[in-house]
Protein chains: 2
Amino acid sequence: MTKIPEHHPSPDLEGLIGYNLKRAYVTVSDDFRRALKHDNLSPRLFSALALVKAHPGLSQSALARQLGIERSGIVAMIDELEGRGYVIRKPVPQDRRRQALQLTPAGEEAYKIALGKVQAHEARLLGGLDAGQRDALISILQKIRYQKT
Amino acid sequence: MTKIPEHHPSPDLEGLIGYNLKRAYVTVSDDFRRALKHDNLSPRLFSALALVKAHPGLSQSALARQLGIERSGIVAMIDELEGRGYVIRKPVPQDRRRQALQLTPAGEEAYKIALGKVQAHEARLLGGLDAGQRDALISILQKIRYQKT
DNA sequence: TATTGTTATACTCTATAACTATA
DNA sequence: TATAGTTATAGAGTATAACAATA
């Protein structure tokens, strides 16, 4: 006997942006993790590297604001990246409260490799979208993100 | 002295679908929670109600598959919804391993009210999108979700 | 007074592994 | 053998609240 595929969504849910956003993110995130399993980089650690790379000297508080999370959550992330030798906390003489974050050469290299894998993962996973759809998607998502609520 | 707004994203990150999906989902999810705070319904409990509503008699395992999570995670969710009197677990005589889930009248009513609030929240939050953008977004997100990886 | 980094603590969501009862 | 529900347990990713050092 052939198995009947279970497929019974809720029309209410399927019509909601929030539900579809969440499910799509889980799909992309799972594939991201598989793609960077060997590098042992989660999406959030990768994002932290990307921001420190783009803004050498960034403080931990500024990184937290940029990622949209509390600064207390940054500590363990930077501990981890520093432990791997990817990032250093550099004292700032002009403001002794701060730690200026920057990538080490090993961090630069690890980021470069990871970025290639991330872009390959997205190209593979989102290969079904044409360039127009991809740009439209990013533009709409940014409109949502940057919206004042 | 005027404060300079901090705005230093990473070009790499801003170009990634995954990063934008995540950030957009957090925005929508936070607003959802604010909108349904009074009803004490999280996105996942709301989704569970929606699926039981759409498919009365659904088993817990089928609900888990539908939500894309493990069945062990469903137990506490249904405990909670049952405790509030929104859902009942009904024994199935033909298969005594199963519990058929269904909404109580109170659950139907709570869901109806919640659905209205959720739709209002999305209309408000996504008011900047025209109907075409909204449909395009849902269609692209579903394409990602339903993709075989 | 306000901000930075930090710690302690707790909560939400989810996974894994094992068990039992049924099929 | 396989599936349904369940429990115990653990992990990731957050938040809140407090504190010391510094601005």
Side-chain angles (χ1 to χ4, degrees), chain A residues 1 3-4 6 18-19 21-23 25-27 29-30 32-34 36-37 40-48 52 57-82 87-101, chain B residues 1 3-4 6 18-19 22-23 25-27 29-30 32-34 36-37 40-48 52 57-83 87-101:
Chain A
M1 196 175 118
K3 246 191 192 155
I4 296 162
E6 274 187 34
Y19 184 73
L21 271 179
K22 157 86 174 205
R23 298 299 301 268
Y25 174 65
V26 169
T27 297
S29 168
D30 286 352
F32 181 110
R33 286 168 204 277
R34 275 192 297 272
L36 274 81
K37 193 184 180 79
N40 199 21
L41 278 178
S42 59
R44 74 201 209 110
L45 288 187
F46 174 79
S47 301
V52 175
L58 194 68
S59 70
Q60 293 187 189
S61 288
L63 176 57
R65 284 189 293 270
Q66 197 57 35
L67 290 173
I69 66 177
E70 289 297 318
R71 70 192 190 285
S72 60
I74 298 294
V75 181
M77 289 172 59
I78 300 301
D79 285 351
E80 174 67 28
L81 293 174
E82 199 175 35
V87 163
I88 56 171
R89 287 170 161 112
K90 218 173 128 187
V92 178
Q94 308 93 303
D95 184 345
R96 287 162 49 217
R97 294 170 303 180
R98 292 196 192 189
Q99 315 262 41
L101 301 174
Chain B
M1 193 177 118
K3 249 193 189 151
I4 297 161
E6 275 188 34
Y19 183 74
K22 156 88 173 205
R23 298 298 301 267
Y25 175 65
V26 169
T27 298
S29 168
D30 286 351
F32 181 110
R33 286 168 204 277
R34 276 193 297 273
L36 274 80
K37 193 183 179 78
N40 199 22
L41 278 178
S42 59
R44 72 201 210 111
L45 288 186
F46 173 79
S47 301
V52 174
L58 195 68
S59 71
Q60 294 186 191
S61 289
L63 175 57
R65 284 188 294 269
Q66 196 58 33
L67 289 173
I69 65 177
E70 289 297 317
R71 69 193 192 285
S72 60
I74 297 296
V75 179
M77 290 172 59
I78 300 301
D79 286 351
E80 175 65 28
L81 293 174
E82 199 176 35
V87 162
I88 55 170
R89 288 170 160 113
K90 218 172 126 188
V92 178
Q94 308 93 301
D95 184 344
R96 287 163 48 216
R97 293 171 304 182
R98 292 196 192 189
Q99 315 263 41
L101 302 174

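So that the names make sense, note that chain A is the first sequence line, chain B the second, and so on, each numbered from 1. Excluded from the calculations below are hydrogen atoms, water molecules and symmetry mates; all remaining heavy atoms, backbone and side chain alike, are included.
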* Quick one: on DNA chain C, does A/V26 or A/A100 contact a more 5' nucleotide (nearest heavy atom)? -> A/A100
* **Which residue lies more 5' along DNA chain D, comparing B/S59 with A/P43 via nearest heavy atoms** => B/S59
* To do: Could you pull out all residues at least two apart from B/D95 that satisfy salt bridge (charged side-chain N to carboxylate O under 4.0 Å, His left out)?
  => B/R97, B/R98
* Asked: Given the rule in the side-chain contact (heavy atoms from CB on, under 4.5 Å) test, do A/I78 and A/Q99 qualify, once you have shown the distances and angles that lead to the verdict?
  -> CA-CA 11 Å; A/I78 300 301; A/Q99 315 262 41; over 6 Å; no
* Drop me the distance from B/I74's CD1 to B/L81's CG, to the nearest 0.5 angstrom. => 10.0 Å
* Asked: Who are the side chain to side chain donor-acceptor pair (under 3.5 Å) partners of A/E70, not counting sequence neighbours?
  -> none
* To do: Please check the phosphate of C/dG5 (OP1 and OP2 only) for any side-chain N or O of A/S61 closer than 4.0 Å.
  => yes
* Given atom CZ of A/R98 and atom P of C/dT4, what is their separation to the nearest angstrom? -> 6 Å
* **Euclidean distance, atom CE of residue B/M77 to atom C1' of C/dT14 [Å, nearest integer]** => 11 Å
* Structure fact -> The nucleotide from C/dT6, C/dT4, D/dG13 with an atom nearest the side chain of A/Q60 is C/dT6
* Where each residue is assigned the nucleotide of DNA chain C containing its nearest heavy atom, which of A/L58 and A/K22 is assigned the position nearer the 5′ end? -> A/L58
* Results of side-chain contact (heavy atoms from CB on, under 4.5 Å) for B/D30 - residues two or more places apart only -> B/V26, B/R34
* Just how far, in rounded Å, is C1' of D/dT3 from CG of B/L63? -> 16 Å
* B/R33 side-chain N/O to C/dC13 phosphate OP1/OP2 under 4.0 Å -> yes
* CE on A/M77 to OG on A/S42, rounded to 0.5 Å -> 7.0 Å
* To do: Would you kindly give the CZ-to-P distance between B/R44 and C/dT12, to the nearest whole Å?
  => 9 Å
* To do: Take atom CD1 of A/I78 and atom P of C/dT4, then tell me their distance rounded to the nearest Å.
  => 15 Å
* To do: Measure the distance from CZ on A/F32 to P on D/dA12 and round it to the nearest whole Å.
  => 16 Å
* Structure fact -> 5' to 3', nucleotides 16-23 of chain D under a 4.0 Å protein heavy-atom cut-off (B base, S sugar-phosphate only, - none) gives BBB--BBS
* Angle by which the axis turns from one end of the helix from C/dT1-D/dA23 to C/dA23-D/dT1 to the other, five pairs per end, to 10 degrees -> 10°
* Nearest heavy atoms of B/L67 and A/Y19, plus distance in Å -> CD2-OH, 4.1 Å
* Taking only residues two or more places apart in sequence, or in another chain, which ones meet A/R33 in a side chain to side chain donor-acceptor pair (under 3.5 Å)? -> A/S29
* Spacing of B/I69 atom CD1 relative to D/dA12 atom C1', expressed in whole Å -> 16 Å
* Between C/dT6 (P) and A/I74 (CD1): distance, integer Å -> 11 Å
* Side-chain heavy atoms of A/Q60 within contact of A/R89, under 4.5 Å -> yes
